[in-house]
**Q** 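Just dropping this structure here.
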2 protein chains.
Amino acid sequence: MDNSGQSKTDRQVKRDQAFLPQPANGICGRLGDKWTVQVIWRLSLAEDRKLRFSHLKRDIEGITQRMLTLTLRGLERDGFVRRHYFPEVPPRVEYELTELGAGILVSLQGLNFWIRDNFSRIEENRRIYDEAGE
Amino acid sequence: MDNSGQSKTDRQVKRDQAFLPQPANGICGRLGDKWTVQVIWRLSLAEDRKLRFSHLKRDIEGITQRMLTLTLRGLERDGFVRRHYFPEVPPRVEYELTELGAGILVSLQGLNFWIRDNFSRIEENRRIYDEAGE
DNA sequence: CAGAATCCGTGATGATACTG
DNA sequence: CAGTATCATCACGGATTCTG
């Protein structure tokens, strides 16, 4: 990058703008878990950003009923999704991505693109590293 | 897969650009842990992007020797940092952030800003949710 | 100084069974 | 269908000790 001849002022700006020590601890806590991003992502793909519980369950490969429930509860608590309960028989529950929840996906675009563009190199690095160790 | 009814073009574009199903699992795996981002961040702030082991240890509050070692090993394996060993007495080891490692910080800027701007609202949501539950 | 090795508690996750 | 309730597991991280 352009860090040649970096001044203290730049450094200070960098410190203030770049990374907040505490908040981004493990990337905001919840985002680091196994399913949250997947759930948000799936909801964002749905038209009107709503999906039923069972739909999510089917879409997200490998997730258990329990973990989907827990993940959705966490997202609801943070205000990332809204829960719509329809007291029918059988019951129907829809989860809707809020503006807040949609916003975080946008903020993740940069990281997502970066991963897409660099993941193969990372895998290559790992291969080399592991090979050298044996 | 059933795509019946939906605009496949939109959906397809969205799928390709938005989120890669697997790779971003819990955000690229390693990034979700407790210390990795902190370590990268600290290194990025250092001039010439190098710091000694002990320096990192002092800067990152709460990290143990063990976790710093493990985190650095992981980063080295991925090619995010380079390890420079100086066989002196006492030994000195410096860790240098690579271009790859620096790049991921940039890609995290968006998320970082978003968290900074929205974390208070999230906390408020949690407060409300928890209160309603009691 | 920069680690390696070991033990251990805890939280996150998984598997299974039951229910309104 | 959309959960809840239990139990089992397992990786992550912390604390401690030892060493070249």
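Protein chains get the first letters and strands the later ones, always in sequence-line order, with residue 1 at the start of each.
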**Q** Using heavy-atom distances to pick each residue's nearest nucleotide on DNA chain D, tell me which of A:R92 and B:G62 is more 5'.
**A**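 Upstream on the strand: A:R92.
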
**Q** Tell me: NZ of A:K57 to C1' of D:dA2, nearest whole Å?
**A**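 Those two atoms, NZ and C1', are 11 Å apart.
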
**Q** Answer yes or no: does a side-chain N or O of A:R66 lie under 4.0 Å from OP1 or OP2 of C:dT16?
**A** no

**Q** I want to verify a distance call: between C:dA15, D:dG13, C:dA2, whose nearest atom is closest to the B:D33 side chain?
**A** D:dG13

**Q** Counting C-beta onward and ignoring hydrogens, is there a side-chain heavy-atom pair between A:V93 and A:F86 closer than 4.5 Å?
**A**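 Side chain of A:V93 against side chain of A:F86, heavy atoms only: no contact under 4.5 Å found.
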
**Q** Using 30° and 60° as the class limits, which term best fits the ring planes of A:F53 and A:Y95: parallel, tilted or perpendicular?
**A**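 A:F53 and A:Y95: tilted rings.
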
**Q** Please lay out, stage by stage, how B:E94 and B:R49 fare under the test salt bridge (Lys or Arg N to Asp or Glu O under 4.0 Å).
**A** CA-CA 10 Å; B:E94 286 186 352; B:R49 290 175 175 160; over 6 Å; no

**Q** Phosphate oxygens OP1/OP2 of C:dG14: is one of them under 4.0 Å from a side-chain N or O of A:K34?
**A**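 For C:dG14, OP1 or OP2 has a side-chain N or O of A:K34 closer than 4.0 Å.
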
**Q** For C:dC1, does OP1 or OP2 lie under 4.0 Å from any side-chain N or O of B:Y95?
**A** no

**Q** Provide, to the nearest angstrom, the distance between the CE atom belonging to B:M67 and the P atom belonging to D:dT16.
**A** 16 Å

**Q** How many whole angstroms separate atom CD1 of B:I60 from atom P of D:dG14?
**A** 12 Å

**Q** May I ask you to evaluate whether A:R83 reaches the phosphate of D:dA2, defined as a side-chain N or O under 4.0 Å from OP1 or OP2?
**A**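 Checking A:R83 against D:dA2: no side-chain N or O falls below 4.0 Å of OP1 or OP2.
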
**Q** Please confirm whether the shortest side-chain N or O distance from A:R58 to OP1 or OP2 of D:dC1 is below 4.0 Å.
**A**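 No, outside the criterion.
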
**Q** Taking only side-chain N and O atoms of B:R52, does any of them lie within less than 4.0 angstrom of OP1 or OP2 on C:dC1?
**A**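 Answer is no, no contact under 4.0 Å.
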
**Q** Are A:T64 and A:L68 packed together at the side-chain level, in the sense that at least one heavy-atom pair is separated by less than 4.5 angstrom?
**A** no

**Q** Just N and O in the side chain of B:S54: are any of them under 4.0 Å from OP1 or OP2 of C:dA2?
**A** yes

**Q** By the 4.0 Å heavy-atom rule, please label B:Q65 as base, sugar-phosphate, or nothing.
**A** base

**Q** Nearest-Å distance, CG (B:L70) to P (D:dA11)?
**A**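 Distance, rounded to whole Å: 14 Å.
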
**Q** Among D:dC1, D:dG14, C:dC1, which nucleotide has an atom closest to any side-chain atom of A:P91?
**A**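 Closest nucleotide among those given: D:dC1.
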
**Q** With clusters defined by side-chain heavy atoms of hydrophobic residues (ILVMFWY) lying less than 4.5 Å apart, directly or transitively, does B:F119 cluster with A:V106?
**A** no

**Q** Between atom CG in A:D59 and atom P in D:dA2, what is the gap in whole Å?
**A**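 Distance, rounded to whole Å: 13 Å.
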
**Q** Judged by each residue's nearest nucleotide on DNA chain D, which is more toward the 5′ side, B:I63 or A:E94?
**A**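 Its nucleotide being nearer the 5' end, the pick is A:E94.
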
